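Below, each value reflects all heavy atoms present in this structure, side chains not excepted, and no hydrogens, waters or symmetry copies. Keep in mind the model is a prediction, meaning the values are calculated, not measured.
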Amino acid sequence: MSIGIRPLGARVVIKKMEAIEKTEGGLILSGSAKEKPQQAEVLAVGPGTADEPMELKVGDVVVFSKYGGNELKYKGEEYTVIAQRDILAVIED
């Protein structure tokens, strides 16, 4: 499935997962109290570079640096284009 965005070099396109809207105690958080999501699904990967080969693949669920990447709105959807080096970990089930 192509999303129509092809990242270059060692960059990936991710889609952030929904923020938690309730606390464990059941309290609903206002928009300003929600934590910025730091988990995302990888939707597209670049080819990598000679210095930084691509380690990620489409479908990986990752944890990324809180302020990394550039947000992009394309065809009504919000994506983030982020350098692979700003991906902190892959979540494996």
Side-chain angles (χ1 to χ4, degrees):
M1 173 185 111
S2 174
I3 59 169
I5 303 169
R6 183 174 50 94
L8 303 176
R11 292 181 186 85
V12 297
V13 177
I14 58 175
K15 185 159 181 74
K16 295 176 184 175
M17 296 183 161
E18 293 296 318
I20 298 171
E21 297 184 17
K22 285 186 181 182
T23 65
E24 288 183 27
L27 297 174
I28 296 176
L29 300 174
S30 69
S32 62
K34 292 180 194 174
E35 279 204 31
K36 188 173 178 180
Q38 288 184 266
Q39 288 186 6
E41 181 180 0
V42 176
L43 300 179
V45 298
T49 65
D51 294 333
E52 188 177 357
M54 184 54 61
E55 297 180 55
L56 300 167
K57 62 185 182 312
V58 172
D60 281 346
V61 176
V62 297
V63 177
F64 61 96
S65 179
K66 194 170 198 169
Y67 300 105
N70 294 302
E71 295 189 0
L72 167 71
K73 193 165 191 173
Y74 180 71
K75 293 188 178 180
E77 295 287 329
E78 291 186 17
Y79 303 100
T80 301
V81 179
I82 188 168
Q84 180 177 239
R85 69 181 168 273
D86 290 330
I87 303 291
L88 305 174
V90 176
I91 297 174
E92 297 177 341
D93 288 330

F64 and its side-chain contact (heavy atoms from CB on, under 4.5 Å) partner, picked from V42, L88, I14, T80:
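By the side-chain contact (heavy atoms from CB on, under 4.5 Å) criterion, F64 pairs with just one of V42, L88, I14, T80: I14.
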
Closest non-hydrogen atom pair, [X] against [Y]:
X	Y	result
Y74	Y79	O-CE1, 3.8 Å
L56	V45	O-CG1, 3.8 Å
A40	K16	CB-CA, 3.8 Å
V58	A44	CG2-CA, 4.0 Å

Do any N or O atoms from the side chain of Q84 and from the backbone of P53 form a donor-acceptor pair under 3.5 angstrom?
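Yes.
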
First locate atom [atom1] of [X], then atom [atom2] of [Y], and finally report the distance between them rounded to the nearest 0.5 Å.
X	Y	atom1	atom2	answer
E52	E55	CD	CD	7.5 Å
D86	K66	CG	NZ	15.0 Å
I82	R11	CD1	CZ	11.5 Å

Pair K75, I3 - check side chain to side chain contact (heavy atoms under 4.5 Å, CB included), show working.
CA-CA 9 Å; K75 293 188 178 180; I3 59 169; over 6 Å; no

Are M17 and I91 grouped together when hydrophobic residues (ILVMFWY) are joined by side-chain heavy atoms under 4.5 angstrom apart?
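Yes, it is one cluster - the side chains of M17 and I91 are joined through contacts under 4.5 Å.
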
